[in-house]
Amino acid sequence: MSRDTEVLVLGGGSTGAGVARDLARRGVDVTLVEQGNLTHGTTGRMHGLLHSGGRYAVSDQASASECIEENRVLRDIASHCVEETGGLFAKRPEDDESYFEEKLQGCRECGIPAEVLTGREARELEPYLSEDVDKAISVPDGAIDPFRLVVANAVDAENHGARIETHTEVVDVLVEGGADSSAGASDGDRGDVVGVTVEHHAGSGNRVHGAPGEREDITAEYVVNATGAWAGQIGDMAGVDVAVRPSKGVMTVMNVRQVDTVVNRCRPKGDADIVVPHETTAILGTTDEEVSDPADYPEEGWEVDLVIDQLTELVPILAEARTIRSFWGVRPLYEPPDVGSQDPTDITRDYFLLDHEERDGLRGMSSIVGGKFTTYRMMAEEISDHVCDQLGVRGRCTTAEEALPGSEHPARLDAAMDDFGLRSPIARRSGQRLGSRAEDVLDTSGPNPVVCECEAVTRAEVSDAITQSGSDLNAVRIRTRASMGNCQGGMCCHRMANVLSADYPEATTRGAWDELVDERWKGHRHALWGEQLSQAALNTFLHATTMNRDHDPAGRHPTGGNGSAPGDDAADTGPGAVDVDFAAFDAGAATDGGRPTDEASRGGGADGSRNGGA
């Protein structure tokens, strides 16, 4: 029977995109579906650490060895996504001396370059380290942009014939034949997985806000479940058990880089023990708490407080620093059923390939679970080898050798900088993001003004991202970092919408704009104290008074028959005309557009403090 595609990959995070790239480069016909944007799940909610393996050198040496191996590969194939910051495991006086020695020995056993620094040497490298840090281990940690990396994988997959469908949710797994078996996981014939039913939220292809949704059955010779923390839900649809144990963790984003090196606390497992310099910010992490649903769990202020307070012991300046947002991610932890760890920090960070034919009697599907972002390519290679064996494909993996789009010709970037006079700070940032694509994107015939000052993003970059992602401004955001700086989109969301309006009608543009503002607010609301509270107030004031984003009644003019201004051609479906008492607005009667108004729900106290108050 003819299928729509040879291999259907579920999940558009690092592993799913890596599998799609690997298989497409081997000549396999691949379709990838993702319920949100690329990086919608765990991949888009991480601190951006490129592991050296040092964090696992004592507790999980197999994972540590994998990390250092893939660390070297990614520096080579994804150079435009990686910043070689280096890393420190810093020891305070109260930290265990024997553990420090274990860490050092473990690094050496795993092939991780490690050097002991005195406290003074560590502070020469990172001046804001606490004065009582007495020594540190230097390792080759780095910082990596997960958004840029996943998009590059998806682009390369498309360049080799893959179909990538975002905002496409799997609602059912299609199984044919087989006899129902409830006696045990290995009993009986469960039949064949032949594809999935998906819901395209705005039609297939690039997303267009307002486009009608549609359902589609996508049939395939083989299905790869690479949905991370959602793998158990896909397993349920197929009638098999994939016992993922989701564990949430908070990351807090600072307004500047308080450190330029990854700083880890050198102690056994624990919360709040890492600071990662990432682009223009520093990201603090993290916590580790098991949850039942990867899409529905509490985001609590005490978690943010814990991370800041604990890491202030290591980098004291954090106590006075400005926090611009916090966000939570969910790790897709997995361990064999007979292990039974109670504490999520005890669960291995290794990955597992579950062949459902071998394990459950269900042909045509495998799941890849566990693992870490740093080892995504290795995971993708293993499952791609497995799929090719199932399909009789002899193609060889080339993903460790072939550079990702943007990293193919590092020298081309320097040439482009000279050719276009791109030596300004703005152009340098553009070049860092675009890599070897800089010349193609920035070679515009007209003006190329800055759209986002915080992240130095130009109109040419935004236009390029729109070409890739349709009307989805959040997809533009993850490709360019526009709206991810200190103002959290307060000064640039409307400019991004303006660029979008050149290609899309007003209703589509406004829908995309609203969605971007809402997404920015989700993390911003957890940082409402001090200067960031003032920033939020300024954003609200500017958007309300210049763009009517608080939707006050003055937006409905009494002179229009349907509440529209004279000359508007809007259909007569809006609210009726109203007489507005403009003087009433002096009394502060306008709302904030439906966002939380009580200080507790915004995460800040009446006095602007971090902890809230009565």
Side-chain angles (χ1 to χ4, degrees), residues 14 18 43 46-91 95 99-117 121-122 125-126 129 133 135-146 148-149 249 251 257 259-270 272-279 282-286 288 311 314-315 331 345 348-351 370-379 381 400 407:
S14 55
T43 299
M46 61 168 290
H47 42 41
L49 173 65
L50 178 63
H51 280 279
S52 65
R55 286 178 71 83
Y56 307 114
V58 175
S59 61
D60 191 347
Q61 291 197 338
S63 292
S65 298
E66 292 169 356
C67 282
I68 188 59
E69 179 180 343
E70 289 301 294
N71 176 301
R72 293 176 175 129
V73 170
L74 292 179
R75 290 170 189 265
D76 184 35
I77 68 165
S79 58
H80 79 294
C81 305
V82 173
E83 182 183 358
E84 299 187 14
T85 62
L88 294 174
F89 282 89
K91 178 188 172 297
D95 296 334
Y99 183 77
F100 184 92
E101 294 301 324
E102 281 185 79
K103 177 76 72 177
L104 181 62
Q105 182 61 29
C107 286
R108 290 171 175 167
E109 289 171 356
C110 295
I112 302 166
E115 178 186 357
V116 176
L117 305 179
E121 289 170 332
L125 189 63
E126 284 300 335
L129 275 179
V133 166
K135 57 183 172 179
I137 301 171
S138 173
V139 296
D141 283 337
I144 189 165
D145 189 316
R148 201 177 301 159
L149 183 81
M251 272 67 67
R257 292 167 62 130
V259 296
D260 289 317
T261 308
V262 176
V263 176
N264 305 264
R265 182 83 176 259
C266 191
R267 64 183 181 189
K269 65 179 184 179
D273 62 357
I274 187 169
V275 185
V276 181
H278 185 74
E279 300 284 343
I283 301 180
L284 319 184
T286 181
D288 203 340
L311 284 166
L314 205 57
V315 185
R331 306 171 187 87
T345 62
T348 178
R349 267 45 176 177
D350 202 357
Y351 64 89
K372 298 163 297 302
F373 178 85
T374 298
T375 59
Y376 89 92
R377 194 214 59 82
M378 177 184 287
M379 296 165 64
E381 179 178 353
S407 293

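Note that the coordinates shown come from a computational prediction; the quantities given were computed from them, not determined experimentally. The figures that follow rest on heavy atoms only: side chains count, while hydrogens, waters and symmetry mates do not.
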Student: With sequence neighbours left out, write down each residue that passes side chain to side chain donor-acceptor pair (under 3.5 Å) with Y376, or none if nothing qualifies.
Tutor: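 Counting only residues at least two positions away or on another chain, Y376 forms a side chain to side chain donor-acceptor pair (under 3.5 Å) with N153.
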Student: Just by distance, do the side chain of N264 and the backbone of I274 share a donor-acceptor pair under 3.5 Å?
Tutor: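 Looks like no, no N/O pair under 3.5 Å.
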Student: Write down the atom of V276, the atom of A143, and the distance for their closest heavy-atom approach.
Tutor: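 So the minimum-distance heavy-atom pair works out to CG1-CB, 4.4 Å.
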Student: Would you call D141 and R55 a salt bridge, using N to O less than 4.0 angstrom?
Tutor: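 No, D141 and R55 are not salt-bridged.
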Student: Partners of K103 by side chain to side chain donor-acceptor pair (under 3.5 Å), sequence neighbours excluded?
Tutor: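 Partners of K103 under the side chain to side chain donor-acceptor pair (under 3.5 Å) test: Y99.
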Student: For P113 versus G111, what's the shortest heavy-atom pair and its separation?
Tutor: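 Closest approach of P113 to G111: CD-O, 3.4 Å.
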Student: Under the side chain to side chain contact (heavy atoms under 4.5 Å, CB included) criterion, do C107 and V139 qualify, and how do the steps go?
Tutor: CA-CA 9 Å; C107 286; V139 296; 4.2 Å; yes
Student: Could you go through L88 and L129, starting from their C-alpha distance and side-chain angles, then the distance that decides it, and tell me whether this counts as side chain to side chain contact (heavy atoms under 4.5 Å, CB included)?
Tutor: CA-CA 11 Å; L88 294 174; L129 275 179; 4.1 Å; yes
Student: Does E115 offer a backbone N or O that forms a donor-acceptor pair with the side chain of S138 under 3.5 Å?
Tutor: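 A pair under 3.5 Å: no.
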Student: Only counting residues at least two apart or in another chain, list the ones meeting salt bridge (charged side-chain N to carboxylate O under 4.0 Å, His left out) with D60.
Tutor: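 Per chain and number, D60 pairs via salt bridge (charged side-chain N to carboxylate O under 4.0 Å, His left out) with no residue.
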Student: Taking ring-ring contact (aromatic ring centres under 6.0 Å, His included) as the definition, give me every residue that meets it alongside F373, ordered by chain and number, with sequence neighbours left out.
Tutor: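 ring-ring contact (aromatic ring centres under 6.0 Å, His included) list for F373, sorted by chain: empty.
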Student: Quick one: are L314 and V275 in side-chain contact, heavy atoms under 4.5 Å?
Tutor: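 No; the side chains remain at least 4.5 Å from each other.
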Student: Do M251 and H278 touch side chain to side chain, with heavy atoms closer than 4.5 Å?
Tutor: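 Sidechains of H278 and M251: no contact.
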Student: Which heavy atom of P277 sits nearest to which heavy atom of V259, and what is that distance?
Tutor: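 Closest approach of P277 to V259: CB-O, 3.3 Å.
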Student: Closest approach of A114 and I137, non-hydrogen atoms and distance?
Tutor: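 Looking at all heavy atoms of both residues, the closest pair is CB-CG2, 3.8 Å.
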Student: Suppose we screen for side chain to side chain donor-acceptor pair (under 3.5 Å). Which residues come up paired with T261, at least two apart in sequence or across chains?
Tutor: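 E126.
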Student: Kindly write out the residues that satisfy side chain to side chain donor-acceptor pair (under 3.5 Å) with Q61, not counting sequence neighbours, or none if the list is empty.
Tutor: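 Here the qualifying residues are E109.
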Student: Does T374 reach the main-chain N or O of C67 with its side chain, forming a donor-acceptor pair under 3.5 Å?
Tutor: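 No, because the side chain of T374 does not come within donor-acceptor range (under 3.5 Å) of the backbone of C67.
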Student: What pairs with D95 under salt bridge (charged side-chain N to carboxylate O under 4.0 Å, His left out), at least two apart in sequence or on another chain?
Tutor: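 Partners of D95 under the salt bridge (charged side-chain N to carboxylate O under 4.0 Å, His left out) test: R265.
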Student: Could you pull out all residues at least two apart from D260 that satisfy salt bridge (charged side-chain N to carboxylate O under 4.0 Å, His left out)?
Tutor: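 Scan of D260 (salt bridge (charged side-chain N to carboxylate O under 4.0 Å, His left out), adjacent residues dropped) gives R257.
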Student: Could you list all the salt bridge (charged side-chain N to carboxylate O under 4.0 Å, His left out) pairs where at least one residue sits in residues 63-72, not counting sequence neighbours?
Tutor: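 Passing the test, one end in residues 63-72: E70-R377.
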Student: Under 4.5 Å between any side-chain heavy atoms of L50 and P140, yes or no?
Tutor: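 Not in contact.
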Student: What are the two closest heavy atoms between F89 and F100, and how far apart are they?
Tutor: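 It is O-CE1, 4.2 Å.
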Student: Once ring-ring contact (aromatic ring centres under 6.0 Å, His included) is applied, do any residues pair with H80, and if so which ones, sequence neighbours excluded?
Tutor: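 ring-ring contact (aromatic ring centres under 6.0 Å, His included) check on H80 returns nothing, list empty.
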Student: Under the salt bridge (charged side-chain N to carboxylate O under 4.0 Å, His left out) test, which residues partner E121, sequence neighbours left out?
Tutor: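 Per chain and number, E121 pairs via salt bridge (charged side-chain N to carboxylate O under 4.0 Å, His left out) with no residue.
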Student: Can you see which heavy atom on C110 is nearest to which on I68, and at what distance?
Tutor: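 Nearest heavy atoms, C110 then I68: O-CG2, 3.7 Å.
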